[in-house]
Amino acid sequence: MTSDAPAFGKGCHLHLIDGSAFIFRAYHALPPLTRKSDGLPVGAVAGFCNMLWKYVTDERGHDAPTHAAVIFDHSGQTFRNEIYDLYKANRPEPPEDLRPQFPLTREATRAFNIACIEIEGYEADDIIATLACRAREAGGAVTIVSSDKDLMQLVGNGVDMLDPIKGKMIGPDEVREKFGVGPERVVDVQALAGDSVDNVPGAPGIGIKTAAQLINDYGDLETLLSRAEEIKQPKRRQTLIENAELIRVSRRLVQLDCETPLDFTLGSLEMRDPEPEVLLGFLAEMEFRTLTARVAEKLGAEAPAVVSAPPSEGPTAPEQPGIGAAGHDCVTDQALLDRWIAEIREAGHVAIDTETTSLDEMQAELVGISLSVAPGRACYIPVGHVQGEGDLFGSGALVEGQLGLDAVLAALKPVLEDLAILKIGQNLKYDYKILARHGIRMAPIADTMLMSYALHAGIHNHGMDELAERYLGHRCIPIKDLIGSGKSQIGFAQVAIDKATPYAAEDAEVTLRLWQNFAPMLPSEQVTTVYETLERPLVPVLADMEMAGIRVDGDVLKRMSNVFAQKMAGLEDEIHELAGEKFNVGSPKQLGEILFDRMGLSGGKTGKTGAYSTSADVLEDLAAEGHDLPARVLDWRQMSKLKSTYTDALPTYVNPETGRVHTSYSIAGAQTGRLASTDPNLQNIPVRTEEGRRIREAFVATPGHRLVSLDYSQIELRILAHVADIPALKQAFRDGIDIHAMTASQMFGVPVEGMDPMIRRRAKAINFGVIYGISGFGLSRNLRIPRAEAQAFIDTYFERFPEIRAYMDQTVAGAKEDGFVRTLFGRRINTPGINQSGPAAGGARRAAINAPIQGAAADIIRRAMIRMPAAIRDLPARMLLQVHDELVFEVEEGAADDLIAVARQVMENAAEPAVKLSVPLVVDAGIGGNWAEAH
DNA sequence: ACGCTCACG
DNA sequence: GACGTACGTGAGCGTA
């Protein structure tokens, strides 16, 4: 044998990929996709390519393959049919739309520059067996990428398996777990147990369990068969004696053949990088836009244009347009609108986007609606454009020729509420609220922003412009081109209709295309459940909460604001006097110069800008040294913060129509699954200081109602106890004892009774530190104790609760291996920075440790929120706010206790049935006329 | 537009 | 042995 490739031998690592398994997996995981241009079914090819791409870009450490091949089954009879003519006889024909994809997967493999192997008359399993044996003999290592149990007989002596779906290594232990015997006896067990999938007969009435027991008792199959008379159970004895020959045939069927003739050397399987032109050419030809773009980015090559050629039938066959290239309908007459509605009904789905006068959904007026049903098919329906651009006084009159808003909504309502028609949006909560204010509640819905969030949290943000650029290679028309920016900005209603049409229709079409892109990725990335149970159902729930809003008493805030202003003025005088000069107390720069340059206090500069840090930390240290000025500044800052951010700003958010404040929750904002609240942020209303907490007195119940607050007690620590499996912590939660006191007691060996509050405080800080990825430095700063002391605490802690360190190490290792971590509920949080080096590494590491815990808590309250509307349906109550571990309700006086009972039940059981926690979830509740009382 | 500071869980 | 560090957010202000 001659070959250019170097010989295969010691130090080499051969990966053998079970191609057929990949294909079937891809086929069943994905909806039936077809190539745009000619309708060729390509779903399985797409999935296959995605898996292959994921596989080749998967960064492995020392396990990285030096050689690789993808092995396929060759159609037709094999030697096993000669042994047993019914072998695989009950296997159904592959589906019609899968068959044309088989040759394409071979082509794909070659495009990836990976050896593609199939041999007539031999099954892939035999080829894999032969290659594994040869490689093992040559002294190399082998990994079989497959989860096929028939291959497990090959495991051991340098051969292992990788389950590509679960990402799990399969070694002798896993084989033993599955078959009850070691790899070398697997064929014996299979021969006895048979296999209905391959139609291997085996012994009737004997399954894997019994087979393993028998083999373990007698050593091997031949011994068993020859001593079958000794078997005690009469039925079993008879079966084995009667079917001895069938069992021997079965054994020959399951025994893989290590003697497949090969016409190539192992050395020739050496890994090669793909040729960018070849691979990109193939992917573009298949019209896989996303993957083409992704591969091009990774290979640093330019992505070839993915143009879907027109269907060849049809007389004119216009070229398939890029986004917007075909032009978009501007719908200004009823007949055209009706045609669009018919088209939507035919498609069964529609992407929708609304254009309005404001980003505030509670005040926004509809200006237009855009729709799209397919690439190249999008329209814009203007309904609220007014005279204006250039018209200084803007007569405010509607531009003529538009359909009436009411008529358009009346026509669309049946479609938008039709449960058979999917409404697709990008950040659909916005459009949902706009339409809800007009009496239309869209269902069912899909949201491309949330799809992206489920798939790509941690990698990038999920705004439409960014998604269009990344996944469609398309740059959206900037809104600035229409409305301008800064002072001369105009409202969307003032934009000319002919300018608005391409912009608005583009948004709908981009959304539709993103949906087509993401929908098949959800199953292949295993985030379908997350999207379907934690993201999508939250949209109407949050929309209702936001529309409900919460009543805020502006007068209370006004009075507080005056008090703060007076206190600030007094403090400012004092500060100026202490400084010996007047300066802007609110300027950190000026303050720094006063403190450190003029007064000569000790304190360092920070990195980037070279400015002095005047953060509360620093000022507190200075104040502790006995300096009055920093102490006064701290007081001033507290007042200033409360005044500007809360007492002054909140009243400006009160909606004049409802008299309430309507926050907006972003579902896809935080990396971990938490919500974020904006405009205004109602998740950071003060509570920690007495003065701050009084701001909550301004959040009041409607007359005749009460506010009810329910919050999870220690939910993150409970999740930690569960996921890290810490017996001491779990028991403490089960017993309902003070968790921080327990920690202190265990660490310092002091009784819980009569514990020094200082000791408990330290334990508490450590407990929280653990959730954040603790460090001696951080703890020492938090507790203001020497670093060595903090480190000693941490050491003691890990000694006492060793499971926590194991959990942390495991989490980080998983993140490094997979590039993501998952919560208990399957939420995927990508950790692209985890393999960085340098200072950033520590941050990425801590984020990876924290994400599954914070994320699981977020998942749990999401589950509770999604179930809540149905649970409280018969109560005179509304859910108003979510603050990470707290839900705030408004309820008619008299029904508060009922509400608490129901809501508590929902919250405490929110993890189930998906996850059965080994610790109880506990919810505390409060009732009051305002939020301060209720909390 | 960006960094600093500080409010929350 | 040194490095730099708690996790996740949003808003208002000063400065460039």
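Throughout, protein chains are lettered first and strands after them, A, B, ... in sequence-line order, and every chain is numbered starting at 1.
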Residues forming a ring pair (Phe, Tyr, Trp, His ring centres under 6.0 Å) with [X], sequence neighbours excluded:
X: F748(A); result: F793(A)
X: H576(A); result: F583(A)
X: H462(A); result: Y453(A), H460(A)
X: Y646(A); result: none

*R784(A)/E620(A) salt bridge by N-O under 4.0 Å criterion*: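 Yes, E620(A) and R784(A) are salt-bridged.
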
*Pairing string, 5' to 3', for DNA chain C - Watson-Crick or wobble contacts under 3.5 Å, brackets [ ] where pairs cross, | to another strand*: ......|||||||||.

*Going 5' to 3' along DNA chain C, which nucleotides are the first and last within contact of chain A (any atom under 4.0 Å from a heavy atom)?*
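Contacts span dG4(C) to dA16(C), reading 5' to 3'.
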
*Which residues in residues 779-787 of chain A have at least one heavy atom lying under 4.0 Å from any atom of DNA chain C?*
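Those residues are L779(A), R781(A), N782(A), R787(A).
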
*How about R904(A): does its CZ atom have over 12 heavy atoms from other parts shown lying under 6.0 Å from it?*
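Yes, the 6.0 Å shell around CZ holds more than 12 heavy atoms from other groups.
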
_R694(A), CZ: over 12 other non-hydrogen atoms inside 6.0 angstrom_ =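 No, the 6.0 Å shell around CZ holds no more than 12 heavy atoms from other groups.
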
*Starting from the 5' end of DNA chain C, give me the residue, S677(A) or G773(A), whose nearest nucleotide shows up first.*
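Going by which nucleotide is closer to the 5' end, it is G773(A).
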
*For I771(A), which contact category applies under a 4.0 Å heavy-atom criterion: base, sugar-phosphate, or nothing?*
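Touches nothing.
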
*S775(A) near the nucleic acid: base, sugar-phosphate alone, or nothing, with a heavy-atom cut-off under 4.0 Å?*
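It contacts base atoms.
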
_Qualifying residues under side chain to side chain contact (heavy atoms under 4.5 Å, CB included), relative to N767(A), sequence neighbours excluded_ =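 With neighbours one apart ignored, the set is L717(A), H740(A), T743(A), Y797(A).
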
Anything under 3.5 Å between a protein N or O and an N or O of nucleotides 7-9 of chain B, put it in a table, one pair a line.
| residue | atom | partner | partner atom | Å |
| --- | --- | --- | --- | --- |
| dA7(B) | N3 | N684(A) | ND2 | 3.0 |
| dC8(B) | OP1 | V687(A) | N | 2.6 |
| dC8(B) | OP1 | R688(A) | N | 2.6 |
| dG9(B) | O3' | D885(A) | OD1 | 2.7 |
| dG9(B) | O3' | D885(A) | OD2 | 3.0 |
| dG9(B) | N7 | R688(A) | NH2 | 3.0 |
| dG9(B) | N2 | R674(A) | NH1 | 3.1 |
| dG9(B) | N2 | R674(A) | NH2 | 3.3 |
| dG9(B) | N2 | Q854(A) | NE2 | 3.4 |
| dG9(B) | N3 | R674(A) | NH1 | 3.0 |
| dG9(B) | N3 | R674(A) | NH2 | 3.0 |

Could you list the donor-acceptor pairs under 3.5 angstrom formed between side-chain atoms of residues 585-596 of chain A and any protein atom two or more places apart in sequence or on another chain?
| residue | atom | partner | partner atom | Å |
| --- | --- | --- | --- | --- |
| S587(A) | OG | K589(A) | N | 3.4 |
| S587(A) | OG | Q590(A) | N | 3.1 |
| Q590(A) | OE1 | N584(A) | N | 2.8 |

*Please, which pairs that meet salt bridge (Lys or Arg N to Asp or Glu O under 4.0 Å) have at least one residue in residues 452-466 of chain A, sequence neighbours excluded?*
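Passing the test, one end in residues 452-466 of chain A: E466(A)-R470(A).
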
*Okay, side chain of R660(A), backbone of G549(A): is any donor-acceptor separation there less than 3.5 Å?*
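Yes: the side chain of R660(A) pairs with the backbone of G549(A).
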
*Mark yes or no for whether S358(A), through its side chain, and E361(A), through its backbone, hold a donor-acceptor pair below 3.5 Å.*
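Absent.
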
*Could you measure between the two P atoms, the one in dA6(C) and the one in dC2(B), and give it in whole Å?*
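After rounding to an integer number of Å, I get 22 Å for this pair.
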
*Please state the P separation for the pair dT5(C) and dT5(B) - nearest whole angstrom.*
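About 14 Å, rounded to a whole number of Å.
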
Extract all donor-acceptor atom pairs below 3.5 Å that involve side chains of residues 557-569 of chain A and protein atoms in other chains or at least two apart in sequence.
| residue | atom | partner | partner atom | Å |
| --- | --- | --- | --- | --- |
| S561(A) | OG | T647(A) | OG1 | 3.3 |
| S561(A) | OG | D648(A) | OD1 | 2.3 |
| K567(A) | NZ | E691(A) | OE2 | 2.7 |

